[in-house]
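Since this is a predicted model, take the numbers as computed values, not measurements. In this chain, numbering begins with 1 at the start of the sequence shown. The analysis underlying the following values was restricted to heavy atoms, covering all of them including side chains, and did not include hydrogens, waters or symmetry mates. We count ligands from 1, going down the list as the structure has it; atoms in each ligand are counted the same way.
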Amino acid sequence: MAGRPEALTVALERKPAPARDGATPLKVWHEKEALGGEPCDAFVVILRTSGCYWAHTRGCTMCGYARETLGREATAAEISDQVGQALREYRGEPYVKFYTSGSFLDPHEVPPSMWGEVAHAFEGKARRLLVESLPEFVTADSIAALKSRFSGEVEVALGLETTQEDVLQKAVTKVSTVQEYLDAARRLRDLGVLPKAYLLLKPPFLTERHAIEDTLLSIRRSKDLFSTISVNPVHIQGGTLVERLWRRGLYRPPWLWSLREVLLRGKEDVGTGVRLVSFPTSGGNTRGVHNCLSCDGRVLRAIEKGAITQDYEALQNVLSCTCQEQWEWENSLEALAP
Ligand code: SF4
Ligand SMILES: [Zn+2]
């Protein structure tokens, strides 16, 4: 519609029509992770809810999760059914992750009565339970609901993305400020919860080099507050502003060489006290972090090995490729642009 800001048009277009079936979780899968420095199996569930309230108003430039929501609030009975279905696939993994396409701790997405139910389902079975939330939903009450029903470790992930306020507000367009994220991480620590940060590598409107330095600065500024920092390279999700830019040739997802540099330099910064990881979505294809596509497999394997073991020697020594020169050349060319 003429005159409507593009970001709002994108937000309206990606909102799905209300769905009838709210009793089935969006996704359930098993993956490799690590606990206490040892590789382990993880159980991952994504519940189908109304999703992030911000995504329906404007949303973040790279986030297309709104498409995977119910288009309405789920009832308590529906969420209970989803959890029940997911539990049937649990194989006793020690690391359990419960997500929504928004905030698990938003009472409009997951009723507060279910927070404790989910936690209790893994009592005596899992060592660690992770949920993700916007900072405003991290309160003494929401955390107590989890911790009072689960005696293992509780971990809460925050999508901080960057510690640079201008990048967060203008390039990512988050609803919360950097300070709100950092305050929430402090609250989590005080409440005996492990805070985990997701940092975004290469939001739109940043050059490749600016993006690398933005993430490295964010690692440095957040390392004292988080026990794990996970670097998420942007991948092109449907129904996002980033997808529109990418289709017009105005955006390229980050290079794997950039992610390698971030992990190697970032690990030197954080030392052994903080886990620095990356498990890229769509790695090695044109919608995700990629190089020339022929060397991508070996770089991705070295990244995964480093993320699990925290030993990045294999990534340091990964065989070079002719595309590395192109990456360096493009970096220096972008630096000349006004
Ligand atoms: S706050 Fe998170 S879930 Fe909400 S639109 Fe932004 S990235 Fe997506
Ligand atoms: Zn290559």
Side-chain angles (χ1 to χ4, degrees), residues 7-8 10-16 26 46-70 99-106 108-110 131-138 156-162 167-178 180-181 184 196-204 230 232-243 252 254-260 281 283-286 289-303 315 318-330:
L8 182 58
V10 171
L12 292 172
E13 282 177 5
R14 72 176 159 230
K15 186 168 174 154
L26 182 65
I46 305 182
L47 298 176
R48 198 185 283 274
T49 68
S50 55
C52 173
Y53 73 87
W54 176 236
H56 301 314
T57 313
R58 178 172 180 178
C60 300
T61 50
M62 74 305 178
C63 178
Y65 293 142
R67 280 203 170 165
E68 299 178 331
T69 61
L70 264 181
Y99 296 101
T100 68
S101 299
S103 295
F104 182 88
L105 297 177
D106 177 349
H108 290 284
E109 291 195 55
V110 179
V131 299
E132 184 177 9
S133 181
L134 278 168
E136 68 212 71
F137 303 119
V138 172
V156 174
L158 302 168
L160 167 63
E161 319 299 7
T162 170
V167 177
L168 192 69
Q169 301 309 329
K170 293 179 185 157
V172 185
T173 67
K174 274 266 160 150
V175 63
S176 314
T177 64
V178 170
E180 285 167 335
Y181 279 101
K196 175 176 183 174
Y198 290 127
L199 295 181
L200 189 70
L201 178 60
K202 202 177 173 186
S230 181
N232 290 342
V234 166
H235 68 283
I236 311 291
Q237 297 182 33
T240 62
L241 194 67
V242 165
E243 186 185 50
R252 182 205 192 277
W255 286 73
L256 275 165
W257 297 125
S258 302
L259 179 58
R260 173 178 179 265
T281 304
N285 81 50
T286 51
V289 57
H290 67 278
N291 283 344
C292 65
L293 302 181
S294 73
C295 65
D296 292 30
R298 64 174 183 260
V299 184
L300 281 165
R301 279 192 295 280
I303 287 171
L315 186 60
V318 76
L319 273 183
S320 186
C321 177
T322 49
C323 72
Q324 207 165 353
E325 277 176 31
Q326 188 191 342
W327 168 70
E328 283 166 1
W329 181 76
E330 285 188 13

Mind checking whether atom 6 (Fe) of ligand 1 has an N, O or S of Cys52 under 2.8 Å? no

Looking only at heavy atoms, the pair that brings Phe137 and Leu105 closest together is CB-O, 3.4 Å

Heavy atoms of Pro135 and Glu180 approach each other most closely as CB-O, 3.5 Å

the protein heavy atom lying closest to atom 2 (Fe) of ligand 1 turns out to be Lys174 NZ, 3.8 Å

re atom 5 (S) of ligand 1, the protein heavy-atom contact at minimum distance is Cys60 N, 3.5 Å

closest protein heavy atom to atom 8 (Fe) of ligand 1 is Cys63 SG, 2.3 Å

(Q) Run the side chain to side chain donor-acceptor pair (under 3.5 Å) test on Glu328 and Gln324 for me, step by step, so that the C-alpha distance in whole Å, both residues' side-chain angles and the decisive distance to 0.1 Å come before the verdict. (A) CA-CA 6 Å; Glu328 283 166 1; Gln324 207 165 353; 4.7 Å; no

Row for the Zn ion (ligand 2): angle SG (Cys321) to SG (Cys295), 10° precision, value 110°

All heavy atoms of Cys321 vs all of Trp257, minimum pair found to be CB-CZ2, 4.0 Å

When rounded to the nearest 0.5 Å, the distance separating CD of Glu109 from OG of Ser103 is 5.5 Å

